Each structure stands twice: as C-alpha cells, then as structure tokens.
Student: 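Dropping the structure in here first, questions after.
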Protein chains: 2
Amino acid sequence: MEPTYPQPLVMVDTALFTIREERLCLILTRRREPPFEGVLALPGGFVHVQEDADTEMAARRVIRSKIGFDARYLEQLFTFSGPARDPRGWSVSVAYYALIPLTLLDQSQAAEALPVDALPPLPFDHPQIVARAVERLRGKATYSSLPAFLLPGEFTMNDLHRIYEQTIGARLDKASFRHKILEQDIIEPIPNRFRVGAHRPAQLYRLSSKALTPFERKI
Amino acid sequence: MEPTYPQPLVMVDTALFTIREERLCLILTRRREPPFEGVLALPGGFVHVQEDADTEMAARRVIRSKIGFDARYLEQLFTFSGPARDPRGWSVSVAYYALIPLTLLDQSQAAEALPVDALPPLPFDHPQIVARAVERLRGKATYSSLPAFLLPGEFTMNDLHRIYEQTIGARLDKASFRHKILEQDIIEPIPNRFRVGAHRPAQLYRLSSKALTPFERKI
DNA sequence: AAATGTTATTTGCAAAAAACAATTAACTGT
DNA sequence: ACAGTTAATTGTTTTTTGCAAATAACATTT
C-alpha cells in the first residue's frame, strides 16, 4: 500500500542561539557541498531513516556534529516546504531551534556566532527560518524559562535578568523580575552557593524541574 | 546532487475543531483504505508534489475534500515523524489544526463532530496529534483572537464570551472579558447592526484586521 | 400606557499585580 | 573604620483584574 506518488526530500535545519557580547547570536556553518558550497548557512542535513528515530534525533545529530555536544534546550520550530526552497527538488525541512550557553563553545565556535540583526545573506529559505525562530524565542521568553538555557547550570539573579533583557531586547524592572521569576518556581537557589567578589555575594540559582512545559523537554 | 538516502513518506493530518452543544469537538473521518480501513481518524493524506505548493496547501486540499470549503483559520501545529507511526514505513506527518464554525457545516458533518474528551480510539499517532492540538488551541485562546474563528462572521459580545469559555474550559468575568477584548482591538462593532429579540438589542461585532499575529493568516 | 421579564452594557469599588524609586545589606580593598 | 560596588529588599504609586450591582433597551403582558 505504498503511495505511488513521488515523495519530497526530507531534511532538518537548526537555528542555534547563543548570547555573545550582550547580543542574541546564531551559530552558522560554512557549507562544504553544493548547492551553495562555501556559503554560511544554518546547520542542517537530510533525515537518515536507517539511524534516526525521528526528526528530532536528526536535529540532535546535526547539532552534535556542529558543536560537539548536545544543546541545553531543543524545540521544534516549524516545517518549511515547497518545490522552490531547495534547488534539489520538492523538499520538506523540519526546522528546530536550540539554546546554547556561549561558555560551552570553544574559541573558534564562539567567534563564529553572529548577531541575529547583522547576518550575512543566507541561502535557501533560511532567512524565513531565522525570522520565525527569533520571533518564537522572543515570544516565549516573556513568559517562560527559555532564556535560562542560554546560561550555564549555575547563575545569579542578575545574570538571568540580563539574559532575559538581551533576548527580549527590552528593559525589565529588577524587583518585578525577581518576584515573578521566583513566584513561577522555574529556578531554585542552590543552598550555600554564592558568587563572591569585591561586593556583596550573590546567591547562585539553578533551573528547577518545573522549568519546562509538558511538551518541551531537555535533551 | 540528489541524496542517495531513502526518503520518508510525507503526509499531512488535520485536527478540525468546532463547538457543538457547548463542547469543543473534532471532525473525524472514516478511513476508506487500509491501513485502518473503516476506522475513525483525523482527515489526512499524502503530499502531492505535482500539485501542492507546500504542505499547507496539501492541508487545505484535505480540508476542502472533507467539509467542502476552506477553514476560517488554519495553522501548522507540529510535525510528527518516525519509523513506527505508520505501518507503511518511516513517515513524516505535518499536522495542522483548523477552526470551523458549526453553522457552516451541513447536518451530517455536524453530527459527526465528537467532543475532544470523548473520542473513540484513534489509529496511528493521532491521539498525540489531538493532545497537542487541544493544548495549543487552549493555550492560545487565553491571549489571542483564535476562538472568534469558531463563530460566523458576525457575533455578539456574549457569543464571543461563551465561545472563549467553552474552548478554554473555564469561567471568565463578563466585564473584564469585554474590556480586555475591546482594548486589544481584535474585534470591531459593525455600525448599526444589532441582534434583536425580546430584550435589549445586542451590538454585532466582526473580527478586525488586527486579529492575527504576523505569522498567522486567514485562508 | 405602565408594568414585567429578559438580556445587554456600564459603573463602582476592593483586591491584586506591576512599575518605579529609593533604601538597606554584605562583602573587598584601602 | 571607610569607600566602593553589587545584591537584595522595601515602600509607594499606578494599572489591571475580579466581583457585584446598577442601569439600559427592548418585547410582551397587564
């Protein structure tokens, strides 16, 4: 009962976000094959039906091969499709976006992260994927724990405050932010852990288990 | 430069919501072919690369062939994939959900709409698609104009109030609801149009152009 | 014509949340 | 001990929400 129709090509593309120098950035990759050989693009690849349990696993595979480890947060974004988006033929790309703390990247990877508002011309329909990814991230940032995944496992309230401001691109009141975040139980103080310096020590926090909604999950 | 990998089957599935007897319902279809011939399922079908400009057009085609006209609101939901979700092989299903006013359906279609909390056992991974669709609709209902698309083009404030309560499944304050909706500019009064009866006439409203966010669109 | 029933719409007030501005706390280094 | 710096809290004003009641606009009945 296989359909007799010719089937589209199926691939995944990933938008890998990080924060560098106070700006929301994307990690791009230089394509090693045609089409668009040598051009900077979103990391992506074909789904491998032999080895991938689903498209999310394909996305994880792509991400690992790019940065060497798993993203702290990965979520399906949108599926792009059509005859024209890829010169190789009618294709379907399941796009994902991921959040990666800059501190986990090595020197050269970190340097390659480019601000989302100053990207080079991108091939395929990657500009649309980027637009949607930024929109989604900004939209979710205001009411979820997402931006926390751009930080390493331990962070101060001010770290978190800054990263929310940078992903949303707007100023947030310090006291209200603190209150709202703590009330939502998405982070918890790590007992007796403080960041010290030439000033009052800052309580260190970590994400709590309530940080994600049911359909989202850490990988 | 075609990939040599075997490619997945690509299909679309649709969750068609309507409100019947104060309850959120889905319009199912009885499958005419194997697998699962004769079983109630979400309307769906393969993508036709010859005629479909993208998966959204495939979804529209499926919806038209089911109910005979276009949905008032259509949005991509999520893409499901894997070797086991369909017995025909490794497949990708781009799922959509749509909102359809009951009044537009004919008698037999309307009768087939079943409450989301009392569905029969569904084939494939359709239960997961339904769960995600209901989650998305309920989630968006609280802060968007979505539920209005379950109503015909003209409606009263009380119609709208009721349909929001029914999709969300919770009670909403009358005065606050009115205030919030009007403040958001998602609907506008139709000048000099009222629903009359044995009581004070009710102002009729319609959706305004601001009713949808950039990435959403009417079809 | 006035009273009644019914649904629509507005108003007023208390409670809660958010925004804003300032103060207090806890360190290091001099 | 004091200055400098960042953390954390507190108090006050403004805005939003929740709740209850009052008023408005009819058709129908008395």
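Only a predicted model underlies this, so the values are computations on that prediction, with no experimental measurement involved. Hydrogens, waters and symmetry mates are skipped; everything else that's a heavy atom, side chains included, is used.
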Student: What is the distance, to the nearest angstrom, from the CE atom on Met157(A) to the C1' atom on dA25(C)?
Tutor: 16 Å

Student: Check the angle between the aromatic planes of Phe149(B) and Tyr73(B) and answer parallel, tilted or perpendicular using the 30° and 60° thresholds.
Tutor: tilted

Student: What's the closest nucleotide to the Ala175(A) side chain, out of dA8(C), dG18(D), dA21(C)?
Tutor: dA21(C)

Student: Quick check for you: among dT9(C), dG18(D), dC20(C), whose closest atom lies nearest to any side-chain atom of Asp173(B)?
Tutor: dG18(D)

Student: Of Glu183(A) and Arg162(B), whose nearest nucleotide on DNA chain C comes first from the 5' end?
Tutor: Arg162(B)

Student: For Arg195(B) and dA24(D), what is the distance between atoms CZ and P respectively, to the nearest whole Å?
Tutor: 24 Å

Student: The side chain of His199(B) is closest to which nucleotide in this list: dT7(C), dA18(C), dA8(D)?
Tutor: dT7(C)

Student: Please compare Ala198(A) and Lys180(A) by the position of their nearest nucleotide in DNA chain C and report the one closer to 5'.
Tutor: Lys180(A)

Student: Please work out whether the ring planes of Phe177(A) and His161(A) are parallel, tilted or perpendicular, with thresholds of 30° and 60°.
Tutor: tilted

Student: Would you kindly give the NE2-to-C1' distance between His179(A) and dC20(C), to the nearest whole Å?
Tutor: 15 Å

Student: Do you see a donor-acceptor pair shorter than 3.5 Å between the side chains of Asp185(A) and Ser208(A)?
Tutor: no

Student: Grab the CG-C1' distance between Leu182(B) and dT10(C) for me, whole Å please.
Tutor: 12 Å

Student: What's Lys174(A) touching, base or sugar-phosphate or nothing? Going by heavy atoms closer than 4.0 Å.
Tutor: base

Student: Given dA18(C), dT9(D), dT28(C), identify the nucleotide with an atom nearest to the side chain of Arg178(A).
Tutor: dT9(D)

Student: Rounding to a whole Å, what distance do you find between His161(B):NE2 and dT9(C):P?
Tutor: 13 Å

Student: Taking CD from Gln203(B) and C1' from dA24(D), how many angstroms apart are they, rounded to a whole number?
Tutor: 14 Å

Student: Send over the distance from Tyr143(A) OH to dA17(C) P, rounded to a whole Å.
Tutor: 21 Å

Student: Choose from dC27(C), dT10(C), dC20(C) the nucleotide whose nearest atom is closest to any side-chain atom of Pro201(A).
Tutor: dC27(C)

Student: Output the single nucleotide from dA20(D), dA8(C), dT17(D) whose closest atom is nearest the side chain of Ala202(B).
Tutor: dA8(C)

Student: Any cation-pi pair here, Arg31(A) with Phe36(A), using under 6.0 Å and within 45°?
Tutor: no

Student: Please tell me which of the listed nucleotides, dA18(C), dT9(C), dA8(D), lies nearest to the side chain of Ser176(A)?
Tutor: dA18(C)

Student: Side chains of Tyr96(B) and Glu56(B): do they bring a donor and an acceptor to under 3.5 Å?
Tutor: no

Student: Report the distance from atom CG of Leu204(A) to atom C1' of dT6(D), rounded to the nearest whole Å.
Tutor: 14 Å

Student: Ignoring backbone atoms, establish whether Arg200(A) has a side-chain N or O less than 4.0 Å from OP1 or OP2 of dT5(D).
Tutor: no

